[in-house]
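Taking it in order: structure first as structure tokens, then the write-up.
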Amino acid sequence: MNKLRIIRIIIKASMGLLILGMVFVTIFFASMEEGVFIEIEQPHWVIKSDQLQEVLRSQLPVPDKPMLLSVETLEMMLPVHLNLRLIVIAMMFMVSGYMLWILWLIATIIHDVMKGTPFNLSSSKRVKLIGTLVVLAPLGEWILNVFFSFWIDNRFHFEGMTLETDASLGWPVFILGLLIVVLGVAFEQGQKIQEENELTI
């Protein structure tokens, strides 16, 4: 039980930090001066034109020893204005809200375990829901990245360059989500068998 209390405290602290982070980011972007440039980590420009790459490479200093400097990717800085503020804040709320939902579901499962009723249909459904949310997380990340890339490309388009993004979530997260869903289904089946056995007795 002590371990569960520690885990519960960690989860509540994480939820609190997420909420504080949401407040901080909202205040930070709302109070930024109009026109100030901020660095955008994702997406980034990928230079597809060989001619443009050669022009950029010719402007780089010649290294002392043989080496190649990549000029294929460029990061960007965008000026702060109302639309960018709203998009960044909305995306941050969606991601943080998603994480808060998962943490809250885990906290309710831990609460059931601490009450002495770890195996019930509600907990099994919560485990399946957590698995489903984890499975859908890479898809959600992809949708947000595509939307943000489309918004940027619609305003800033350069010949010979395309926008690409590196997803931080991928197959490992997807597989983890599937495993959690399988656990949820197994708990649900075990609970149903237990109830049937109790009725038979």
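Along the sequence shown, residues carry numbers from 1.
Within a 6.0 Å radius of CE in M99, no more than 12 heavy atoms belonging to other residues, nucleotides or ligands are found. Around atom CH2 of W151, more than 12 heavy atoms belonging to other residues, nucleotides or ligands sit under 6.0 Å away.
Note: I109 CD1 to W104 CH2 = 10.0 Å, rounded to the nearest 0.5 Å. For the atom pair OH (Y98) and CG (L144), the distance works out to 10.5 Å, reported to the nearest 0.5 Å. For the atom pair R5 CZ and R8 CZ, the distance stands at 9.0 Å (nearest 0.5 Å). In this structure, the separation between CZ on R126 and CG on L129 is 9.5 Å, given to the nearest 0.5 Å. In this structure, the separation between CG on L103 and CD1 on I110 is 9.5 Å, given to the nearest 0.5 Å. Rounding to the nearest 0.5 Å places OG of S149 at 11.0 Å from CD1 of I40.
Checked against D153 for a side chain to side chain contact (heavy atoms under 4.5 Å, CB included), the options F148, W45, F158 give a single hit: W45. The only option from I152, T162, N145 that meets the side chain to side chain contact (heavy atoms under 4.5 Å, CB included) definition with P43 turns out to be I152.
Note on L179 and L183: separate hydrophobic clusters, where clusters join Ile, Leu, Val, Met, Phe, Trp and Tyr whose side-chain heavy atoms are under 4.5 Å apart, directly or indirectly. A continuous path of hydrophobic side-chain contacts links V36 to M76 [ILVMFWY only; heavy atoms under 4.5 Å]. Linking Ile, Leu, Val, Met, Phe, Trp and Tyr whenever their side-chain heavy atoms come within less than 4.5 Å leaves V55 and M161 in two separate clusters. V182 and L136 fall into different hydrophobic clusters, where Ile, Leu, Val, Met, Phe, Trp and Tyr are joined by side-chain heavy atoms under 4.5 Å apart, directly or via other members. The hydrophobic clustering, which links ILVMFWY residues whose side-chain heavy atoms are closer than 4.5 Å, places M94 and L18 together.
Scanning all heavy atoms of the two residues, the minimum distance from V173 to V134 falls at O-CG1, 3.4 Å. Closest heavy-atom contact between I47 and Q53: O-NE2, 2.9 Å. Considering every non-hydrogen atom in both L52 and E159, the closest pair reads CD2-O, 4.4 Å. Listed here is the closest heavy atom pair of Q42 and H44: OE1-ND1, 3.7 Å.
The closest donor-acceptor contact from the side chain of S96 to the backbone of F93 lies at 3.5 Å or more, if one exists at all. Side-chain atoms of E75 do not come within 3.5 Å of backbone N or O of E39 as any donor-acceptor pair.
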So I27 and V23, side chain to side chain contact (heavy atoms under 4.5 Å, CB included) or not? Walk me through it.
-> CA-CA 6 Å; I27 294 170; V23 172; 3.7 Å; yes
Verify side chain to side chain contact (heavy atoms under 4.5 Å, CB included) between V185 and K128, making sure each step is shown before the conclusion.
-> CA-CA 7 Å; V185 171; K128 284 197 298 182; 3.6 Å; yes
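R57 places a side-chain heavy atom less than 4.5 Å from the side chain of E54. You'll find the side chain of L176 reaches within 4.5 Å of the side chain of I180, heavy atoms only.
Here L178 sits in one hydrophobic cluster together with V135, W171, F174; the rule is ILVMFWY side chains under 4.5 Å apart, joined directly or through other members.
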Side-chain donor-acceptor contacts of residues 84-92 below 3.5 Å, not counting sequence neighbours, with atom names and distances?
residue	atom	partner	partner atom	Å
R85	NH1	F29	O	2.4
R85	NH1	M32	O	2.9
R85	NH2	M32	O	2.9
R85	NH2	E34	OE1	3.0

